[in-house]
Amino acid sequence: MERNYDPISVEKKWQKHWEEVQAFRAEDKSDKPKFYPLIEFPYPSGAGLHVGHPRPYTAMDVVARKRRLEGYNVLFTMGWDAFGLPTEDYAIKNKIHPKIVTENNIKRFKEQLHSLGLSFDWSREVDTTDPNYYKWTQWIVLKLFEHGLAYKKTMTINWCPRCKVGLANEEVVQGCCERCDTEVVQKPKEQWMLKITDYAEKLLEGLDEVDFIERVKVQQRNWIGRSEGAEIDFELYSESGNPLSELKIFTSRPDTIYGTTYMVISPEHPLINEHADEIRNLSALEEYAENAAKKSDFERSEMNKDKTGVCIEGIYAKNPVSGAHMPVFVSDYVLMSYGTGAIMSVPAHDERDFEFAKKFDLPIIRVIKNDTPDGEFDAGEGGVLMNSPLIDGLSPDEAKRKMIEILEERGIGRQKVNYKLRDWVFSRQRYWGEPMPLVYCDVCGWQPVPESELPVLLPDVENYEPTDNGESPLAKMTDWINTTCPKCGGAARRETDTMPQWAGSSWYYLRYCDPHNDKVFADKALMDYWLPVDWYNGGMEHTTLHLLYSRFWHRFLYDIGVVSTKEPYMKRTSHGLILAPGGGKMSKSKGNVVSPDQYTTTVGADALRIFEMFIGDFEKPNPWNDDGVKGAKRYLDKVWQLQDMIVSGEGYLPELEGLMHRTIKKVSYDFENLKFNTAIAQLMTLLNEIRGVGKLTDDMLKTYLILLNPVAPHITEEIWELMNYGGEIRNQKWPAYDEAKTVESTFKLAISVGGKFKLAIELEDGISEAEAVERAKAEKKVAAALEGKEIKKIIYVEKKMVNFVV
Ligand code: ANZ
Ligand code: ZN
């Protein structure tokens, strides 16, 4: 061996070289098939990378490098999702412009990524805070506005009193702010909204066209929450029997209508005001509504075990099918934001209604006959209808269809589909985000800024603190705010809200196709060439946020003819988190964050990459462990030593030929199927076998190095050069295997003792007689039969049987 393995100098050398020759540049014109892998670009925080980041990055880098070796034109790149609150908070605390904070953070992240040897095409780097980028984010929002998909609305929003910011439902976890864990309160606020609900059906349908892992599809489907049922018009009457108005309800179970024993409306329901004159206990209802307003939807639904409510005195409702009269309640378990904000209560077959009826001593009428004993709750999913004259004897499914027919015929109800999905709150009253490209004119209302005036630049302000009433710091900048109306030329005011963090990341994969274009957000022909993204790996925590949002934007851009595919991502996979050593989430507050730097500067990036991929099942969380990285380094030391074991000869040594072919096959498959750990295990097995034999040919070493190259790119490149194999390993061809040679051939050996058959065992072809006999003797049954006896003779028929004569 010419010299010892020094990972640090080897890695520096190759990283510098790759940068100089732009080794991983994606070609916009190519005869090669294209491959577009994508990883979620990071938010460049002040803390730098932790060892969790390289896991998905290395995984997709492995696939990208393998595909290049297989002859693909690969677009693999990186960027920065750099707007956001942590940067702004840091800027406020340290009185540094968020732009400077962002620049510094990006610089740090970039150095760290470089030191990991990831094969990005850095010429395509994007930064969401760059005006040349957010110009197009604003452009897309203008298009959404033009198509009626952006609107302003006063609504109660989830408000984090600590961050002073409104939160999307997706950002509220167990009733608390996802970021700071402060309890979220409800606050009325004018907000820009994006009508993602218009796309609920398309987003559902699109899932059938893509190859996403099942748990991602399930989560998105549940989040969209399609529910088929009926809207039914009940009738409200005053106490004296005067008809008042309709009470529309949504139910997913119109088949249970005969089991309705009372009605519930949400405490915010407008009918309360409408019929204030008839209602005798108005103040009790108002008080109840006030208390309900303090609770989040989550507390009111998911956490609401002890049901509360107030009966509305002075009105009653009539069942339009059975004619029964029923009381009407308000209760906070009915949400104004779902369906019609009112329900028919069927306590026999709806658990929430059951709890409520028990508490308020209301009648419970079963309408589905099955094995559940009387008095016990029954979800009413099996069995047949009873106590329901028009639909008795039908199954719930048949009864649903029949009841909807009846309702529609009589004009008292209709089939209806509801979605859990809510519109997307698309504004923040904060500084460090894209300005909304809209102005308000007293005469013309909200007007889009003309495209020619984009980008609307984020102006410099003196301080970035949001105002206490929750307005953006931009609201203090009168010079910037005052402008003219693009429609009538009169005085107008700029929107001071900025976009939420999810804006820039909703389309970055499009910009990667053509990152420097200043005419359009990306050239159509280039997008047609590169899209869709072939494989997108990212965190499960983004399933109902970024992944859904970007699918929505993409589908909208498809509908207006800007992109040619309905879906942005063909395949979606997800990695498990790297946990802190010993388990538990890595977090700054717990002080257990492990930085990759301590490895890239000691044992090297290749060892780190090996361990990141070897740590365990890629899709499961795995705790970090220092010794593992050291073990990876020892493995690479042994790979280095292969240089000393070369013997002359072509092809693979016969005794290792099968294993070589099996290894090529397994590694090729595993790298494409998230089984990075077992691919590496196979490479380790092959290494041990080679060391056992004590020698290998150049062809074997070449194959070994190419297979290992995607995971450990530096050391394999270096050995390739030291061995004078010619060119660079990154330009070689991925090895092929011969299927016939991968078959591990074995034979069955029948074992008898004293002529009596004991058992048959499976042995590998080519095993020697001596070894076969030893293996036979080692079998428990055989050993027991031979116990205390003297072996007189051994009859061995090759590949067939052995008989111990005793
Ligand atoms: C009668 C009934 C009988 C119901 C039964 C369920 C079971 P999904 O499937 O999630 O769409 N509901 C309707 N609007 C509501 C609101 N604003 N707040 C709280 N609950 C509401 O749920 C639909 C069911 O949730 C509806 O069907 C209604 O209760 C309730 F055996 O009506 B059901
Ligand atoms: Zn105007």
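Whatever order the structure lists ligands and atoms in, that order sets their numbers, starting from 1. Numbers here simply count residues along the sequence, with the first being 1.
Looking from atom 3 (C) of ligand 1 to the surrounding protein, the closest heavy atom is T256 OG1, 3.4 Å. Closest to atom 18 (N) of ligand 1 among all protein heavy atoms lies L335 N, 3.0 Å. From the protein, the heavy atom lying nearest to atom 31 (F) of ligand 1 is H349 O, 2.8 Å. For atom 9 (O) of ligand 1, the nearest non-hydrogen atom of the protein is S227 OG, 3.4 Å.
For atom 27 (O) of ligand 1, the choice among S252, G229, A230 with the nearest heavy atom turns out to be S252. The residue from N418, I343, D353 that puts a heavy atom closest to atom 12 (N) of ligand 1 is I343. Distances from atom 2 (C) of ligand 1 to the heavy atoms of T251, T340, T260 put T251 nearest. Between the choices D350, D332, V346, I249, the shortest heavy-atom distance to atom 4 (C) of ligand 1 belongs to D350. Around atom 19 (C) of ligand 1, the closest heavy atom drawn from F250, Y333, Y338 belongs to Y333.
With contacts defined as side-chain heavy-atom distances shorter than 4.5 Å, the pair T565/E567 does not qualify.
In this pair, W553 and W424 present their aromatic rings tilted. The plane angle is within the 30 to 60° band. By the 30° and 60° cut-offs, the orientation of the rings of Y333 relative to F356 is tilted. Between Y569 and Y536, the ring planes are tilted. Angles from 30° to 60° get that label.
We find that D559 and K143 are not joined by a salt bridge, their nearest charged nitrogen and carboxylate oxygen being 4.0 Å or further apart. With respect to the salt-bridge test (charged N to carboxylate O, under 4.0 angstrom), the residues K359 and D306 qualify.
Listed by number with element, the atoms of ligand 1 under 4.0 Å from a non-hydrogen atom of V334 are 16 (C), 17 (N), 18 (N), 19 (C). Atoms of ligand 1 lying under 4.0 Å from any heavy atom of R253, numbered from 1 in the order shown and given with element: 2 (C), 3 (C), 5 (C), 6 (C), 7 (C), 31 (F).
Heavy-atom contacts from other residues, nucleotides or ligands closer than 6.0 Å to CZ of R162 number 12 or fewer.
In this structure, R352 is part of the shell of residues with a heavy atom less than 4.0 angstrom from ligand 1.
Distance check: K248 NZ to M344 CE gives 15.0 Å after rounding to the nearest 0.5 Å. Between the CD atom in Q191 and the OG1 atom in T154 there is a gap of 9.0 Å [rounded to 0.5 Å].
At a 3.5 angstrom cut-off on N or O pairs, K420 counts as close to ligand 1.
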